[in-house]
Amino acid sequence: MNTTIRFLTEPFRRAVPARDRHAAFDDTMTLGERLADRVAAIGGSWGFITTFCLFLVGWSVLNSVVLGTRAFDPFPFIFLNLMLSMLAALQAPIIMMSQNRQAAKDRLEARLDYETNLRAEAQINRLLDEVAAIRAELACGGPVRQVA
């Protein structure tokens, strides 16, 4: 039985191990791409959102209650608005770069999945042909030959 299994599966054994898709893609990343991914990961986390909300509340309390009339950024918080606008102007393109990279990574993964599916389909068709040949020879009562 073991010999039969080895005989049937031998053509499908891989000579080269399957490559890790993520490692193959990550090896080609530049410093800027890695930085963009890191900024997107931090900027899109609940920890960042919570910390940033606490910063905004602290800024508002400091400039309206604590410092009172000597606040460096009084109530309309114009300086804070300027800083938020600059942060948004820098953060948005960086996040978009990361999303574009992720889309490219997804396309690579889909292409590799497609190639794997084609190989699996070819192997299944070959096995079906071999099984059909064996059935035909058994039905005729003749000797079972090996299909190469």
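These numbers come from a predicted model, not from an experiment. These values consider heavy atoms only, across backbone and side chains, with no hydrogens, waters or symmetry-generated copies. For the single chain, residues carry numbers from 1 onward in sequence order.
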Side-chain atoms of residues 46-58: list all donor-acceptor pairs with protein atoms under 3.5 Å, sequence neighbours left out, distances to 0.1 Å.
residue, atom, partner, partner atom, Å
Thr50, OG1, Trp46, O, 2.8
Thr51, OG1, Gly47, O, 2.7

Practice problem: May I ask you to check whether over 12 heavy atoms, not counting those of Arg34, lie within 6.0 Å of atom CZ? | Solution: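 Yes, the 6.0 Å shell around CZ holds more than 12 heavy atoms from other groups.
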Practice problem: Evaluate whether atom CE of Met96 has more than 12 neighbouring non-hydrogen atoms of other residues, nucleotides or ligands under 6.0 angstrom away. | Solution: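 No, CE of Met96 has 12 or fewer neighbouring heavy atoms, counting only those of other groups under 6.0 Å.
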Practice problem: If a pair satisfies salt bridge (Lys or Arg N to Asp or Glu O under 4.0 Å) and one of its residues is in residues 50-74, list it, with sequence neighbours excluded. | Solution: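 Every candidate salt bridge (Lys or Arg N to Asp or Glu O under 4.0 Å) pair involving residues 50-74 fails, so no pair, neighbours aside, qualifies.
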Quiz item: Hydrophobic cluster mates of Tyr114, side-chain heavy atoms under 4.5 angstrom, ILVMFWY only, any path?
Solution: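 Besides Tyr114, the cluster holds Leu118.
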Self-check item: Counterpart residues, salt bridge (Lys or Arg N to Asp or Glu O under 4.0 Å), relative to Asp37 (two or more places apart)
Solution: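 Once residues adjacent in sequence are excluded, the partners of Asp37 under the salt bridge (Lys or Arg N to Asp or Glu O under 4.0 Å) criterion are Arg101.
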Self-check item: Test ring-ring contact (aromatic ring centres under 6.0 Å, His included) applied to Phe79 - qualifying residues, sequence neighbours left out
Solution: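 Phe79 satisfies ring-ring contact (aromatic ring centres under 6.0 Å, His included) with no other residue.
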The criterion is side-chain contact (heavy atoms from CB on, under 4.5 Å); which residues satisfy it with [X], sequence neighbours excluded?
{"X": "Ala104", "result": "Phe25, Arg107"}
{"X": "Leu67", "result": "Leu62, Asn63, Ala71, Phe72"}
{"X": "Asn125", "result": "Glu121, Leu128"}

Could you state the interatomic distance from [atom1] ([X]) to [atom2] ([Y]), rounded to the nearest 0.5 Å?
{"X": "Glu33", "Y": "Ile94", "atom1": "CD", "atom2": "CD1", "answer": "13.0 Å"}
{"X": "Asn117", "Y": "Arg119", "atom1": "CG", "atom2": "CZ", "answer": "9.0 Å"}
{"X": "Leu112", "Y": "Glu115", "atom1": "CG", "atom2": "CD", "answer": "5.5 Å"}

Would you say [X] and [Y] are hydrophobically clustered, going by side-chain heavy atoms of ILVMFWY under 4.5 Å?
{"X": "Phe75", "Y": "Ile78", "result": "no"}
{"X": "Val61", "Y": "Met83", "result": "yes"}
{"X": "Phe77", "Y": "Leu84", "result": "yes"}
{"X": "Ile42", "Y": "Val39", "result": "no"}
{"X": "Met97", "Y": "Leu90", "result": "no"}

Quiz item: For Asp106, what residues pass the side-chain hydrogen bond (donor to acceptor under 3.5 Å, both in side chains) criterion, not counting sequence neighbours?
Solution: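 For Asp106, the residues satisfying side-chain hydrogen bond (donor to acceptor under 3.5 Å, both in side chains) (neighbours in sequence not counted) are Gln102.
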Quiz prompt | Cationic N near anionic O, under 4.0 Å, Lys105 to Glu109 | solution =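 Salt bridge: no.
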Self-check item: Closest contact, heavy atoms only, Pro93 versus Ala88
Solution: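 Minimum heavy-atom separation between Pro93 and Ala88: CD-O, 4.3 Å.
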